[in-house]
Structures are given as C-alpha cells and as structure tokens.
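Structure record follows, encoded as structure tokens.
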Amino acid sequence: MSYFDFEFLRSFLRQRSGLALSPDKKYLLESRLAPVCRQHGIDNLANMVLLLRGGRCPDLERDVVEAMTTNETFFFRDKLPFDLFSEVLLPRYLAARASTRRLRIWCAAASTGQEPYSIAMLIDDAQAKLAGWRVDILATDISTAVLEKARAGVYNQFEVQRGLPERFRQKHFTRIGDQWQISSAIRSMVEFRQLNLIQPFCHTEPFDIIYCRNVLIYFDRPTKADVLRRLSSVLQPDGSMILGASETVVGLVEGLAPDAVHRYLYGKAT
C-alpha cells in the first residue's frame, strides 16, 4: 500500500467513524481490508482506494468502516460497571424516579449486544422492585452487521461461557444446536438502533444512565471531547455515565466530572 493510499484511508476512517489510526497501523489496514476487497471482487487495496475516492460505492464505504471497527465485547465485561448498576445506580434511581416510575438507559457502543443484554438480565433480576415501572434500554452501534447479530441474540459456546454467570445462562438462554439464544423476553427489553457517535444525534428524551465504554479510546482528543459534550447534552441533570477503565472526561469536557467514590462513573459537573 502506498503512503498516499494509506493516508487517504486514515483520513476516510477518521471522517466516517472517528477512528484515529497512528502511522504504524498500516499492517492493520491491510489485514482487515483484504477480506473486503475479496468480498467486493476488487483486485487490491489500491483499486479499493480508487473506488472510495470516487464516492459512488456506499456499500463498499460501509464495509470498509465496519471492517475497521473493533467489536470486542462479552457478557458482564469488567464486572464492576454492572455491580455499579445493581448496587449503586438502580437503588439511586428507584428513589429519584419514584414519582415517574420511568428509567431510560443508553448503551452507546453496544456491539453484538452483550452489554445491553447484561443490563436487561439485571433489570429482570430486580423485577420485584420495578413492578409498575417502565424501563427503556436503547442500544446503538455504528455497525449494521453487529446489530443484526445483537437483535438475533444468538451466541456460540465461547461467547456464553465468557463472563456469563451460569444462573443467567440457565434462566435466559436456550440451546439451538451448538448455539445459544437469549430469551425473547430479554430481547424485547432492548431496542437496537444504528448510530454513528461522531455524527449529530438527538433523542426525544434525556437518559438517566449512559454506558459508553471502550469506544472513546479509538478517537483523537477533539473527537473525544465532542462526543462527550453531546453525550452530556442528552444526560439528565442527575444522570450517570459509565466509561471504560482507560477512559476519562478529565481535561476533555467541563460539563462532566468523575464520581468521588466509584471508578468508571461520571456525572454532570456542579
């Protein structure tokens, strides 16, 4: 791949997805985009770049972005953010929203669905406390391919063994051949929608809780700040945001601040 083709792809991906590739990631582009070339019957990456420059191949543009998107996820990933939900956030909003009995949650980089489904299973666990409540879970991702898998809720043996407590597998999953499908009851609790975080987004109502984990690490500093600012704009004044272990709002946006007690947790600055 020539220097100019590499620089075009770096710029293309930054504009379309926010992905900030360092100059030493040429090998990553080549390895992930070679299958896209084969899928579209393109001889090589140079010819792919020519087609992308032409701007007349939306399917190719989408597949290039999706091929470069990292979709690493698993049920109850990192555990602490989900302990926070059950032990801190749910009791907090059961009290704070007692008059409306409404709770809105957004998983802003949902990938193949394990994160929002983990939250849905915790909500199901707390259904006695939530009787009469309406709980909305919106799950979004830039990739249409991973959202299709998420909606189906079908996972292989490795995926259900990775992080999923056995009691949840027994309660909520049905074996289909060598795959496992999460119950329709849990699937119906989550609305999946395609959304690109670096593009303008709006929601009709603000959210009480936003999970935006392990996606900001792929953005450059200005993009991180912009995404955080817009996430903050759709967060309730007393809302809570959960970021990944290596992510922070400090030095990026003034409207959010880290929780004084709990790691991963952020709220509106006062």
Q | 4.5 Å side-chain heavy-atom contact, I142 and Q194 | A | yes
Q.
Exactly one of L19, L9, D220 should register a side chain to side chain contact (heavy atoms under 4.5 Å, CB included) with R14. Which one does?
A. D220
Q) Just wondering, are more than 12 heavy atoms of other shown residues or ligands nearer than 6.0 Å to CD in Q157? A) yes
(Q) Taking the ring of Y211 and the ring of Y264, is the distance between their centroids below 6.0 Å? (A) no
Q | Minimum heavy-atom distance between I217 and K224, given as atom pair plus value | A | CA-CE, 4.3 Å
Q) Can you check side chain to side chain contact (heavy atoms under 4.5 Å, CB included) on H40 and L51, steps first, answer last? A) CA-CA 11 Å; H40 287 265; L51 290 170; over 6 Å; no
Q | Under 3.5 Å donor-acceptor, D226 side chain and I198 backbone | A | no
Q: Verify the cluster assignment for I182 and V146: are they in a single hydrophobic cluster under the rule of side-chain heavy atoms below 4.5 Å apart?
A: no
Q. Tell me the salt bridge (Lys or Arg N to Asp or Glu O under 4.0 Å) pairs involving residues 193-207, sequence neighbours left out?
A. R102-E205, E191-R193
(Q) Measuring only between side-chain heavy atoms, which start at C-beta, is R10 closer than 4.5 Å to P23? (A) yes
Q: Inspect the surroundings of NZ in K129 and state if more than 12 heavy atoms from other residues, nucleotides or ligands are less than 6.0 Å away.
A: no
Q: Could you tell me the separation between the NE2 atom of H262 and the CG atom of L84, rounded to the nearest 0.5 Å?
A: 6.5 Å
Q | Residue pair R53 / F8: nearest heavy atoms and the distance that separates them | A | NH2-CB, 3.5 Å
Q: Answer yes or no: is there a donor N or O on one side and an acceptor on the other, between the side chain of R104 and the main chain of D136, under 3.5 Å?
A: no
Q) Given side chains that start at C-beta, do those of L60 and I42 come closer than 4.5 Å, heavy atoms only? A) yes
(Q) Between S240 and V88, is there a side-chain heavy-atom distance shorter than 4.5 Å? (A) no
Q. Considering only heavy atoms from C-beta outward, does the side chain of P258 approach that of V249 to under 4.5 Å?
A. yes
**Q.** E254, CD atom: more than 12 neighbouring heavy atoms under 6.0 Å
**A.** no
Q) Which distance, rounded to the nearest 0.5 Å, do you find between the SG of C107 and the CD1 of I209? A) 9.5 Å
Q: Check the hydrophobic clustering (I, L, V, M, F, W, Y; side-chain heavy atoms under 4.5 Å; chains of links allowed) and say if L147 and V215 are grouped together.
A: no
Q: Indicate yes or no for a side-chain donor-acceptor contact from R16 to the backbone of R62 under 3.5 Å, with no hydrogens or angles considered.
A: no
**Q.** Residue pair D125, R167: steps toward the salt bridge (Lys or Arg N to Asp or Glu O under 4.0 Å) verdict
**A.** CA-CA 11 Å; D125 248 16; R167 69 182 183 91; 2.7 Å; yes
Q | Contact check, side chains of Y155 and K149, non-hydrogen atoms, under 4.5 Å | A | yes
Q: Side-chain contact test, heavy atoms from C-beta onward, threshold under 4.5 Å: evaluate it for L103 versus L94 and give yes or no.
A: no
Q: Sequence neighbours left out, what pairs pass salt bridge (Lys or Arg N to Asp or Glu O under 4.0 Å) with at least one residue falling in residues 257-270?
A: none
Q) Taking C-beta and beyond as the side chain, do M241 and L228 meet within less than 4.5 Å on heavy atoms? A) yes
Q) Which is it for F201 and T140 under the side chain to side chain contact (heavy atoms under 4.5 Å, CB included) test, yes or no, and what are the steps along the way? A) CA-CA 11 Å; F201 56 80; T140 64; over 6 Å; no
Q. How close do S118 and F82 get, heavy atom to heavy atom, and via which atoms?
A. CB-CE2, 3.7 Å
Q: Return yes if some donor-acceptor pair links the side-chain N/O of S31 with the main-chain N/O of L28 below 3.5 Å, else return no.
A: yes
Q) Say you draw a straight line from CG of D63 to CE of M68; how long is it, rounded to the nearest 0.5 Å? A) 13.5 Å
Q: Enter the distance from L216:CG to L231:CG here, rounded to the nearest 0.5 Å.
A: 7.5 Å
Q: For S22 and D24, test the side chains for any donor-to-acceptor distance below 3.5 angstrom and give the result as yes or no.
A: yes
Q) How about F75 and F168: are their ring centres within less than 6.0 Å of each other? A) no
Q) Between the main-chain N or O of A46 and the side-chain N or O of N44, is there a donor-acceptor pair closer than 3.5 Å? A) yes
**Q.** Same apolar cluster (I L V M F W Y, side chains within < 4.5 Å links), L89/L130
**A.** yes
Q: Determine, for D208 against R92, whether the closest basic-nitrogen to carboxylate-oxygen distance falls under 4.0 angstrom.
A: no
Q. Are L122 and V160 grouped together when hydrophobic residues (ILVMFWY) are joined by side-chain heavy atoms under 4.5 angstrom apart?
A. yes
Q) Going from CG on L265 to CG on L243, what distance comes out if it is rounded to the nearest 0.5 angstrom? A) 9.0 Å
**Q.** Closest non-hydrogen atom pair between R187 and R151, with its separation
**A.** CD-O, 3.4 Å
Q. Does E247 offer a backbone N or O that forms a donor-acceptor pair with the side chain of R213 under 3.5 Å?
A. no
Q) Between E159 and R162, is there a side-chain N and carboxylate O pair less than 4.0 Å apart? A) no
Q: Work out which heavy atom in A110 is nearest to a heavy atom in D141; give both atom names and the distance.
A: N-OD2, 3.6 Å
Q) Would a hydrophobic clustering, with Ile, Leu, Val, Met, Phe, Trp and Tyr connected at side-chain separations under 4.5 Å, put I186 with W180? A) yes
Q) Any side-chain donor paired with an acceptor under 3.5 Å for E115 and T73? A) no
Q. Is the distance between the ring centroids of F207 and W106 under 6.0 Å?
A. yes
Q: Output, in order, the C-alpha distance, side-chain angles, deciding distance and verdict of ring pair (Phe, Tyr, Trp, His ring centres under 6.0 Å) for Y117 and F192.
A: CA-CA 11 Å; Y117 285 144; F192 289 98; 5.5 Å; yes
Q | Side chains of Q15 and S11, donor plus acceptor under 3.5 Å | A | yes
Q.
Return the CD1 to CD1 distance between I119 and I242, rounded to the nearest 0.5 Å.
A. 7.5 Å
Q | Minimum-distance pair of heavy atoms, taken over all atoms of T248 and Y266 | A | CA-OH, 3.5 Å
Q: Any chance you could lay out the side chain to side chain contact (heavy atoms under 4.5 Å, CB included) test for K26 and L29, step after step, and finish with the verdict?
A: CA-CA 5 Å; K26 181 179 176 182; L29 273 173; 5.7 Å; no
Q: Please step through side chain to side chain contact (heavy atoms under 4.5 Å, CB included) for the pair L45 and D5, ending with a clear verdict.
A: CA-CA 8 Å; L45 289 175; D5 287 348; over 6 Å; no
